[in-house]
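Have a look at the structure below, then the notes.
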Amino acid sequence: GVLCISGICGIMSFLLLQIPCFQDPENAWFVRNPWEMTVLSTGISMSIAFGYMSLFNITADALLYVFHWSRWHYPKDIEKYCPYALREIVGEELRYQPENVRLRVRARKRMHRLKEAASDYAGTLMTSMRGHQAEQRPLLPHMPAEPMGHY
């Protein structure tokens with residue numbers, strides 16, 4: 001994301017610096033070295049894009065955390081209040097919750113705990129690895145057949 005955004009900004013700045021008013025040495029808008037300005041604008045856009053993508057990442061993590069918290073504390077209301085786009089992302093996890101979510105502590109048997117956790121989530125993991133409809137078409141989700149209530 002950061003490289004794509006900064007690359008587009010760099011190309012656009014270079015193309016804009018090719019306008020004759022920036023090329024004419026007698027003009028007040030003259031740019032002596034367009035490559036230096038292109039690199040500078042690309043660097044600035046990279047720092048802005050990094051901040052934006054970091055914010056996007058934090059927002060996505062917070063949304064998934066709130067989904068998990070709501071599913072744990074209010075399992076009956078989760079379908080009622082879950083937004084459609086999030087419902088497409090989480091898919092079957094909306095209805096399925098493993099009974100043994102918490103790992104049981106056993107003395108010095110770390111591999112046993114990892115194996116137990118893997119077996120608890122094996123079905124969900126394989127489904128997630130195969131992907132589902134929302135991952136194949138993230139920008140064009142299907143609309144629900146019946147209208148949902150207010151969020």
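These numbers come from the heavy atoms of this one structure, side chains and all, not from hydrogens, waters or symmetry mates.
- Under the side chain to side chain donor-acceptor pair (under 3.5 Å) criterion, Trp69 pairs with His73, sequence neighbours left out.
- Through ILVMFWY side-chain contacts below 4.5 Å, Phe30 is grouped with nothing and stands alone.
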Donor-acceptor pairs under 3.5 Å, side chain of residues 1-15 to any protein atom, not counting sequence neighbours: which ones?
residue: Ser6; atom: OG; partner: Val2; partner atom: O; Å: 2.8
residue: Ser6; atom: OG; partner: Leu3; partner atom: O; Å: 3.3
residue: Ser13; atom: OG; partner: Cys9; partner atom: O; Å: 3.3
residue: Ser13; atom: OG; partner: Gly10; partner atom: O; Å: 2.8
residue: Ser13; atom: OG; partner: Ser41; partner atom: OG; Å: 2.8

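- In terms of the side-chain contact (heavy atoms from CB on, under 4.5 Å) criterion, residue partners of Ser54 (sequence neighbours excluded) are, by chain and number, Phe50.
- Under the side-chain contact (heavy atoms from CB on, under 4.5 Å) criterion, Asp61 pairs with Asn57, not counting sequence neighbours.
- Phe22 belongs to a hydrophobic cluster with Leu16, Leu17, Ile19, Trp29, Val31, Met37, Leu40, Ile44, Ile48, counting contacts under 4.5 Å between side-chain heavy atoms of Ile, Leu, Val, Met, Phe, Trp and Tyr, direct or through other members.
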